[in-house]
Asker: 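So that we are looking at the same thing, I have put the structure below in structure tokens.
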Number of protein chains: 2
Amino acid sequence: MTATIKDVAARAGVSPSTVSRVISNHPRISEKTKREVRAAMEELGYHPNMLARSLAKKSSDAIGVLIPSTTEEFFMNPFFPEVLRGITDVAKREGYDLLLSTSDSGKEDVRSLTRMIHGKRVDGVLLLSSRMQDPLMQVLQENPFPATLIGRPEINLPISWVNNNNVEACYQATRHLIGLGHKRIGFLGGDETFVVTRDRLQGYHQALDEAGIPQDRRLMFASSFVEQGGYLGMTRLLALPDRPSAVVASDDLLAFGAMRAAGELGYRIPEDIAVVGFNNVRLTEMSNPSLTSVDVQIYELGVTAANLLIEQMRGGVLMDKHVIVPTQMVIRNSCGGRK
Amino acid sequence: MTATIKDVAARAGVSPSTVSRVISNHPRISEKTKREVRAAMEELGYHPNMLARSLAKKSSDAIGVLIPSTTEEFFMNPFFPEVLRGITDVAKREGYDLLLSTSDSGKEDVRSLTRMIHGKRVDGVLLLSSRMQDPLMQVLQENPFPATLIGRPEINLPISWVNNNNVEACYQATRHLIGLGHKRIGFLGGDETFVVTRDRLQGYHQALDEAGIPQDRRLMFASSFVEQGGYLGMTRLLALPDRPSAVVASDDLLAFGAMRAAGELGYRIPEDIAVVGFNNVRLTEMSNPSLTSVDVQIYELGVTAANLLIEQMRGGVLMDKHVIVPTQMVIRNSCGGRK
DNA sequence: ATGAAAGCGCTAACAG
DNA sequence: CTGTTAGCGCTTTCAT
């Protein structure tokens, strides 16, 4: 049987509460007993039972991370490990463990979130994306619980979040292409139900409007955030009688797929068609040609979200702070023009 | 205050134990009370406290995943999300949550593992890599606890693991190059303390020996599993007066770095120097030239490891099963020769 | 089929 | 500075 706090207490000739105090480094406890208790713990190979501790303390020192139900898609995108790296670094520094939810498809992630919220196994929750009319936001609205979103809620919600200014960023990206002389510019978006897709699309629209370029529905293609989607989208765009001369892709993976499609059909990039992506994942430097991309500072998003969440959990009060992480367009070789 | 099992009991006019039975779907409980209890739960918005449940049941329905302390390096490699995807899929299917350890550098991950083992927050642990004289293996040896390793322990240990036959796989890869007529073949390895690096190096040696090609220490370069390491290694290899005409890299990222270095120095791949990598990450298809790589079935490794672990946790008995996931070399354009 | 009672291992007032 | 006493919310014998 593994040793409990009582065993240690008995061994050290003190009461359980004293042992408890030693564990949590209570200030007013004599050095002597501290040493004795520690010795007893050592001898008995004692390790605290975190469950019992959490149950009594009503806090678990763990952060829940809600993995969107579309596991495959999500894990496939370099965004995920990078944002998780940011989260992990903060969690580690602040002494929190990470609990990954493992929701099944669709409706399941509502249940997953509710379980996280009510199950008491985590002190707060991190959401990694948001959709239009996201039922998760509903849940958060109805259940006061420390939570932070990476992205932004579609509607105004009393929840803290970290986001990029996606409208502005995509506006800039599109302007860049316009500045290069392009008039017919395509848009490859990820899943339309994601808020981020909508925002970027809006930025694209803004830039076109401002330049007096008419909108053309045929130039906009949405799929999921994977390479395949970009491939498909680009193929469709190139099949148009009046094909675009440039494309802004709302994710680097989409851009890569687009570039592959173009390449296979014999178009050169950037001479025949310019491409700009989003996220600035490592791959952008290595692709051929290297991909001009909007750096959204994924790692930073993760770090900021984790910090915001922890601040809430510690403060014991829910906040609706929001932080905008600046973006920056990194010019490479997929657009031609200035280098 | 959130509703507890007692509240539900009171509301439904039954005892707490009955409610508990309803929750765990106990067989002999009348449909009628079941319905009534469920109704009461609904009305009160009751959700079980997982901590209390775990404490009483002495099991948490969670799997611990030990992230190696070198966070950055690890997250950067596409291996990680892919193996995690496999793990997640199984965990989700079997109803387990995932607890990511967040150990700090060096010695910390021993502590992290011990905490996982004794903290009772997880029912089993998944290790994602193993080193030579790995202190973690020590810990596992001394503390009987369900654990599964992806990789293999350096020495024989009563622990279950999933691995590739890395010696054989690298032997094959090297033979492939030899078969293509290469006589001077370099080896770019990851961190030498990893067992997997050693195994692949051994396969490389075997192939050379068998072909009567003398070993040359200068042809072997080890660094970490990142692109930068491959870049550095290749640069060094190419600086040799008698440079190799081919290189086997023990990780695709290393191979990409190597290709970049070669390219920048004006060497063509595969004409001037052939390259083969390991892992067959998605990127291999997209690089230029596409990279010949050994498919180790990362996802499968994750799935198998999770299954093995769950089997142990459920069986209540520690095992030392081990499974070898087959590898397959995927020929692309980085080696020339047959296509 | 259901209830009563005794914990699971720890923390947190409240005393002293 | 330390001990006593109640729980935290749930499961699980043991009765009935």
Side-chain angles (χ1 to χ4, degrees), chain A residues 1-41 44-62 115-123 316, chain B residues 1-41 44-62 115-123 316:
Chain A
M1 207 45 218
T2 74
T4 78
I5 208 173
K6 281 189 181 172
D7 303 323
V8 176
R11 188 88 154 84
V14 297
S15 78
S17 41
T18 299
V19 176
S20 173
R21 290 188 179 103
V22 172
I23 292 173
S24 47
N25 235 306
H26 192 104
R28 33 188 199 200
I29 199 98
S30 82
E31 281 305 323
K32 179 163 167 293
T33 28
K34 235 178 215 172
R35 249 194 312 285
E36 288 169 355
V37 169
R38 293 237 168 84
M41 300 200 309
L44 277 75
Y46 169 81
H47 290 269
N49 181 323
M50 302 306 278
L51 291 176
R53 171 188 259 265
S54 299
L55 181 60
K57 277 202 321 178
K58 296 173 169 308
S59 91
S60 59
D61 292 330
R115 270 183 41 221
M116 279 226 175
I117 291 181
H118 298 289
K120 303 293 180 205
R121 289 217 292 203
V122 298
D123 296 340
Chain B
M1 208 46 217
T2 74
T4 78
I5 208 172
K6 281 188 181 172
D7 303 322
V8 176
R11 188 90 157 86
V14 298
S15 77
S17 37
T18 299
V19 176
S20 173
R21 289 186 180 104
V22 172
I23 291 173
S24 45
N25 235 306
H26 192 103
R28 32 187 200 201
I29 199 95
S30 82
E31 281 304 324
K32 177 160 167 294
T33 30
K34 236 180 216 172
R35 247 194 313 284
E36 289 169 352
V37 169
R38 294 235 168 82
M41 298 200 308
L44 285 117
Y46 170 81
H47 291 268
N49 180 323
M50 302 305 279
L51 291 176
R53 171 188 259 267
S54 299
L55 181 60
K57 278 201 321 174
K58 294 170 170 311
S59 91
S60 58
D61 292 332
R115 270 183 41 221
M116 279 225 175
I117 291 181
H118 299 289
K120 303 293 180 205
R121 288 216 291 204
V122 297
D123 295 340

Asker: Look at all strands and tell whether B:I29 reaches a base, only sugar-phosphate, or nothing, counting heavy atoms closer than 4.0 Å.
Answerer: sugar-phosphate
Asker: Could you tell me whether the side chain of B:S17 has a donor or acceptor atom within less than 3.5 Å of a complementary atom in the base of C:dA4?
Answerer: yes
Asker: Rounded to the nearest angstrom, tell me the gap between atom NZ in B:K6 and atom C1' in C:dT2.
Answerer: 18 Å
Asker: Could you check whether B:V19 gets within reach of a base, just the sugar-phosphate, or nothing at all, counting any heavy atom under 4.0 Å?
Answerer: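 Counting heavy atoms under 4.0 Å across all strands, no contact is made by B:V19.
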Asker: Establish, with yes or no, whether the OP1 or OP2 oxygen of C:dG3 is under 4.0 angstrom from a side-chain nitrogen or oxygen of B:T18.
Answerer: yes
Asker: Which nucleotide, C:dC10, C:dA12, D:dC8, lies nearest any side-chain atom of A:P48?
Answerer: C:dC10
Asker: Hey, which sits more toward the 5' end of DNA chain D by its nearest nucleotide, A:P27 or B:R53?
Answerer: A:P27
Asker: Any side-chain N or O of A:S54 under 4.0 Å from OP1/OP2 of C:dC10?
Answerer: no
Asker: Check the phosphate of C:dG9 against B:K58, side-chain N and O only, distance under 4.0 Å to OP1 or OP2. Yes or no?
Answerer: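 Yes, because at least one side-chain N or O of B:K58 sits under 4.0 Å from OP1 or OP2 of C:dG9.
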Asker: Under 3.5 Å, is there any donor-acceptor pair linking the side chain of A:S24 to the base of C:dT11?
Answerer: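 Result: no qualifying N/O pair found.
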Asker: From D:dT2, C:dG3, C:dC10, pick the nucleotide closest to the side chain of A:Y46?
Answerer: C:dC10
Asker: Please confirm whether the shortest side-chain N or O distance from B:T33 to OP1 or OP2 of C:dT2 is below 4.0 Å.
Answerer: yes
Asker: With respect to the phosphate group of C:dG9, does any side-chain polar atom (N or O) of A:T4 fall under 4.0 Å of OP1 or OP2?
Answerer: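 Negative; the distance criterion is not met.
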Asker: Quick one, B:R121 and B:R115 - any side-chain contact, counting heavy atoms below 4.5 Å?
Answerer: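 A side-chain contact under 4.5 Å exists here.
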